[in-house]
Amino acid sequence: MPILLVTHDLDECFELGDEMLVMREGRVVQAGAPKDVLAQPANVEVARLLGIPNVFSAEIAALDPGRNTSRLKLNDFELTGPYYPGRFLRDRVWLCVRPEDLRVQSAEGANRVPVKLLRVSERPQGIRLEFSREITVEMPRAEYERQKDNKEWLVEFPPQSMRVL
């Protein structure tokens, strides 16, 4: 039986809805299965409406369809991501990464960005860490407890979690 439920609670939407309509100022800006909308917001506006804080202006620095990879330049660092079909070298894009998809690491490696921890806050589902470079990470409490005394912080951007809008 179809029903219309208006909510700002994503958990409720995932539990009850087969289809999600994201509305802004009385118009539908994206529609689809809740998991699909959250995995691939249609644009920056939808990402922000969904509460995704990690939306960064970036430039396509390299494309390699043979290796299925791309390089994205964000200010003073570069990240390796998946190949983005339909994009061209030097295109300006928005990189979107959900905070629970980012990883805090203790050693340097691929796609790891040095940051400074600015703020720690408790969340119902874990701990939210806000870093310099406007990067936000959400992690389980136990993982935070293991790393809370880090002197240096690195945030890893897993390529499979990087979405271009």
List for me each residue that meets salt bridge (charged side-chain N to carboxylate O under 4.0 Å, His left out) alongside [X], sequence neighbours excluded, and say none if there are none.
X: Glu45; result: Arg24, Arg27
X: Glu12; result: none
X: Arg141; result: Glu122
X: Arg163; result: none

- Can you check whether Met162 reaches Leu79 side chain to side chain, under 4.5 Å on heavy atoms?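 With C-beta onward as the side chain, the pair touches.
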- Drop me the distance from Lys148's NZ to Leu129's CG, to the nearest 0.5 angstrom. 12.0 Å
Looking at [X] and [Y], would you say the former's side chain and the latter's main chain have a donor-acceptor pair under 3.5 Å?
X: Gln30; Y: Gln40; result: yes
X: Thr7; Y: Cys13; result: no
X: Asn54; Y: Thr136; result: yes
X: Ser132; Y: Lys116; result: yes
X: Asp64; Y: Arg67; result: yes

- Query: Is Leu102 reachable from Val120 through a run of I, L, V, M, F, W or Y residues, each pair having side-chain heavy atoms under 4.5 Å apart?
  - Reply: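 They do share one cluster, since a chain of ILVMFWY contacts under 4.5 Å joins Val120 to Leu102.
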- Answer yes if Ile135 and Val55 sit in the same cluster of Ile, Leu, Val, Met, Phe, Trp and Tyr residues linked by side chain heavy atoms under 4.5 Å apart, and no otherwise.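 As far as the 4.5 Å side-chain criterion goes, Val55 and Ile135 are not connected within one cluster.
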- Item | Near-ring test Trp153/Phe131, centroid separation under 6.0 angstrom | yes
- Message: Per the salt bridge (charged side-chain N to carboxylate O under 4.0 Å, His left out) rule, what does the pair list look like for residues 103-112, sequence neighbours excluded?
- Response: Arg112-Glu156
- The complete set of salt bridge (charged side-chain N to carboxylate O under 4.0 Å, His left out) pairs with one or both residues in residues 78-100, sequence neighbours excluded, reads Glu59-Arg92, Arg71-Glu78, Arg98-Glu100
- Before giving the answer on side-chain contact (heavy atoms from CB on, under 4.5 Å), spell out for Val22 and Val37 the whole-Å C-alpha distance, their side-chain angles and the decisive distance to 0.1 Å. CA-CA 9 Å; Val22 179; Val37 172; 3.9 Å; yes
